[in-house]
Amino acid sequence: MSNDIPGKFIGILIAFFLAVIVPFVNTTVSQEMLDRRSIIMDITNFIDEVVDSRQVTDAALRELNTNLASYGTSVDYTITHYRRTVNPDPVNPNNFYTNYVIVDESEPWQKGDRISVTVKSIGYSKTENIAQKLIGMFIPDLDRTLAARIR
């Protein structure tokens with residue numbers, strides 16, 4: 001009977017791990033992936049709004065900030081405005097080449113300009129912190145850049 005005590009202890013640990021920790025980690029990872037997908041969709045909707053209206057409005061920024069704050073993961077974003085310039089080709093005067101220059105956001109958006117939004121995670125949700133401390137689970141940081149050309 002004395003040899004059975006370590007086996008029972010290990011069995012209880014395995015049962016706890018399988019009944020509590022594994023479902024918690026699965027739920028955490030699933031929620032984190034849904035949050036990340038929603039964040040990317042919110043950024044995409046913001047870019048689409050800028051592409052269609054050719055301006056970054058305070059209402060659009062407020063809506064984007066509200067949407068991004070509603071998720072467990074803390075994120076930060078950077079909006080970059082690229083101005084399109086068309087220059088004549090010095091070798092062949094019948095040809096032109098296009099390049100983009102980063103300009104201040106206060107300048108008006110014009111057809112052909114590009115908008116680029118980089119989103120990075122700056123904090124983790126509480127459940128992700130708990131899962132990381134329990135089993136060492138690590139989800140890579142969110143670091144994406146989405147871009148579009150103004151129509």
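Keep in mind the model is a prediction, meaning the values are calculated, not measured.
- Considering all non-hydrogen atoms of both residues, Pro90 and Tyr97 come closest at CD-CE2, 4.1 Å.
- Comment: Arg62 does not engage Asp58 in a salt bridge, judged by the lack of any side-chain N to carboxylate O separation of less than 4.0 angstrom.
- For the atom pair CG (Asp76) and OG1 (Thr118), the distance works out to 10.0 Å, reported to the nearest 0.5 Å.
- Hydrophobic clustering (ILVMFWY, side-chain heavy atoms < 4.5 Å, transitive): Phe16 and Val25 are in one cluster.
- Side-chain contact, Ser116 with Thr80: no donor N or O sits under 3.5 Å from an acceptor N or O.
- Both Ile130 and Phe17 are part of a single hydrophobic cluster, where members link through side-chain heavy atoms under 4.5 Å apart.
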Acceptor/donor pairs from residues 38-51 side chains to any protein atom, 3.5 angstrom cut, sequence neighbours excluded:
| unit_1 | atom_1 | unit_2 | atom_2 | d |
| --- | --- | --- | --- | --- |
| Ser38 | OG | Leu34 | O | 3.0 |
| Asp42 | OD2 | Tyr71 | OH | 2.7 |
| Thr44 | OG1 | Ile40 | O | 2.8 |
| Asn45 | ND2 | Met41 | O | 3.3 |

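- When all heavy atoms of Arg149 and Tyr100 are compared, the closest pair comes out as CD-OH, 3.9 Å.
- The backbone N or O of Arg151 lies less than 3.5 Å from a partner atom in the side chain of Arg54, making a donor-acceptor pair.
- A pairwise comparison of heavy atoms in Arg84 and Asp113 identifies N-OD1, 3.1 Å as the closest pair.
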Intermediate values then yes/no, side-chain contact (heavy atoms from CB on, under 4.5 Å), Arg144 and Val119
CA-CA 5 Å; Arg144 298 283 183 265; Val119 61; 4.1 Å; yes
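- Atom CG of Asn65 sits about 3.5 Å away from atom OH of Tyr77, to the nearest 0.5 Å.
- Of the possible polar contacts, one joining the Asn92 side chain to the Asn94 backbone as a donor-acceptor pair under 3.5 Å is found.
- A distance of 14.0 Å separates CZ of Arg83 from CZ of Arg114, quoted to the nearest 0.5 Å.
- Using a 4.5 Å cut-off on side-chain heavy atoms (C-beta onward), Ile115 and Tyr82 make no contact.
- Residues Val86 and Val101 do not share a hydrophobic cluster, defined by chaining ILVMFWY side chains whose heavy atoms lie under 4.5 Å apart.
- How far CZ of Phe24 is from OG1 of Thr27: 8.0 Å, rounded to the nearest 0.5 Å.
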Could you walk me through whether Phe96 and Asn87 pass the side-chain contact (heavy atoms from CB on, under 4.5 Å) test, one step at a time?
CA-CA 6 Å; Phe96 296 92; Asn87 300 313; over 6 Å; no
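- Ile79 and Ile122 fall into different hydrophobic clusters, defined by Ile, Leu, Val, Met, Phe, Trp and Tyr side-chain heavy atoms under 4.5 Å apart, directly or through other members.
- Side-chain N or O atoms of Ser121 include none that pairs as donor or acceptor with a backbone N or O of Gly123 at under 3.5 Å.
- In this structure, CG on Leu68 lies 10.5 Å from CD on Glu63, to the nearest 0.5 angstrom.
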May I have the step-by-step check of side-chain contact (heavy atoms from CB on, under 4.5 Å) for Glu32 and Thr73, ending in yes or no?
CA-CA 8 Å; Glu32 290 297 320; Thr73 304; 3.0 Å; yes
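- Ile12 and Ile10 are assigned to two separate hydrophobic clusters, defined by single-linkage of ILVMFWY side chains at heavy-atom distances under 4.5 Å.
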